[in-house]
Amino acid sequence: MPRISWKRGFVAAVALSVLAAIAARAQTPPAKPPSDAALFLRIAPVLQHPRCMNCHTRADYPRQGDDQHRHIMNIRRGSDGHGAAAMRCMTCHGRSNNGASGVPGADEDWHLAPLSMGWEGLGVGDICRNLTDPTKNGGRTGRQIVDHLQTQLVRWAWSPGQTPQGPLRTSPPLSHTDFVAAAQAWIAAGASCP
Amino acid sequence: MTTITVNGNRHDVDAASDTPLLWVLRDHLGLTGTKFGCGAALCGACTVHLDGEPVRSCSLPLDAVGSRRITTIEGLSADRTHPVQTAWIEEQVPQCGYCQPGMIMAAAALLAEVKRPSDADIDSAVTNICRCGTYARVRKAIHAAAERM
């Protein structure tokens with residue numbers, strides 16, 4: 001049996017290793033960036049947080065609290081989402097959180113989202129489709145959706161103040177800055193829904 | 001110093017800007033018809049009108065009033081002849097009376113906006129709390145007042 005030089009054997013082994021690595025890399029595709037549908041999943045937990053859902057109801061009334069109970073004192077949506085006649089949301093909700101009474105407020109008329117923008121009982125995909133449907137979202141474009149996310153009423157969710165009982169209200173899981181950035185990224189990528 | 005208009009009269013008030021309007025009315029202006037009930041905008045005893053719209057004055061800071069005209073129970077009419085007030089007397093609505101100024105202001109605001117309110121309209125608009133339970137008479141008086149307006 002002919003003797004094989006150890007040098008030639010070493011070179012052969014290295015060459016085989018390189019070829020094997022090239023082959024393996026060809027079979028394993030590089031990591032893809034998240035799809036735009038997956039981008040929506042980043043903002044969904046904010047939209048599903050009580051600070052948003054309590055006003056995006058599909059009922060004749062708003063909700064309150066992290067337990068999302070029905071707003072006390074028989075408060076109703078009214079014909080325009082700004083409260084019933086002579087019991088408007090602004091009857092009690094002012095232009096800022098009231099530290100003495102615990103009544104929340106924002107530098108914008110306090111009101112409900114229209115019924116067409118109700119998200120109660122909807123899954124993540126359906127919320128997304130509702131948000132991107134111009135017949136349901138008030139005719140908003142992607143840019144206008146982002147504009148809405150930066151209104152005082154929406155921003156309130158990140159400074160919700162304290163309840164009448166004393167404890168601070170919880171805020172959504174993303175910072176407002178990250179939330180808006182994630183929404184912009186999702187819209188820029190095509191605003192697809194999961 | 002903050003200038004506010006109450007029942008048609010201008011007043012200069014020396015109070016902190018976050019003072020609830022309720023206390024400005026009662027303590028600074030001596031208009032004690034508006035009552036404190038809860039301090040949390042729940043009971044409605046503190047209801048006044050701001051440019052005709054009802055607000056709960058216990059939760060409205062002074063600096064939120066601006067140039068809007070304030071009407072208290074004292075200013076609802078010059079001589080207690082507002083249809084709501086006369087109906088309240090005819091139907092003998094009050095028992096202890098403590099909640100009634102706010103109740104009357106809420107009712108007056110409703111009737112200014114809805115000429116013939118249904119019971120459901122009344123339920124939605126007059127959420128004031130009455131510990132004496134005069135609700136049935138309140139409802140009856142609102143319907144009676146509506147007939148006259």
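Just so we're on the same page: letters track the sequence lines, and every chain starts at 1.
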- Message: Salt bridge check, Arg139(B) against Asp123(B): does any charged N sit closer than 4.0 Å to a carboxylate O?
- Response: yes
- Task: Could you tell me which portion of Leu111(B) (side chain, backbone, both or neither) has an atom closer than 4.5 angstrom to a non-hydrogen atom of chain A?
- Result: neither
- Task: Answer yes or no: is there an ion pair linking Arg88(A) with Asp80(A), defined by an N-O contact shorter than 4.0 Å?
- Result: yes
- Item | Side-chain (Thr71(B)) to main-chain (Gly75(B)) donor-acceptor, under 3.5 angstrom | no
- Can Arg169(A) and Asp66(A) be counted as an ion pair, charged N to O under 4.0 angstrom? no
- Task: Report the C-alpha distance between Cys128(A) and Cys193(A) in whole Å, list the side-chain angles of each, state the deciding distance to 0.1 Å, and finish with yes or no for disulfide (SG to SG under 2.5 Å).
- Result: CA-CA 6 Å; Cys128(A) 178; Cys193(A) 295; 2.0 Å; yes
- Message: So if I take each residue of residues 102-113 of chain A and look for any heavy atom under 4.5 Å from a heavy atom in chain B, which residues do I end up with?
- Response: Val103(A)
- Top contributor to chain B contacts, counting heavy-atom pairs under 4.5 Å, from Gly99(A), Ala84(A), Cys92(A): Cys92(A)
- chain B contact via Arg76(A) - which portion, at a heavy-atom distance below 4.5 Å: side chain
- Message: I'd like to know if Arg69(B) pairs up with Asp51(B) as an ion pair, taking the criterion as any Lys NZ or Arg NE/NH1/NH2 lying under 4.0 Å from an Asp or Glu carboxylate oxygen.
- Response: yes
- Item | N-O pairing of Lys140(B) and Glu91(B) below 4.0 Å | yes
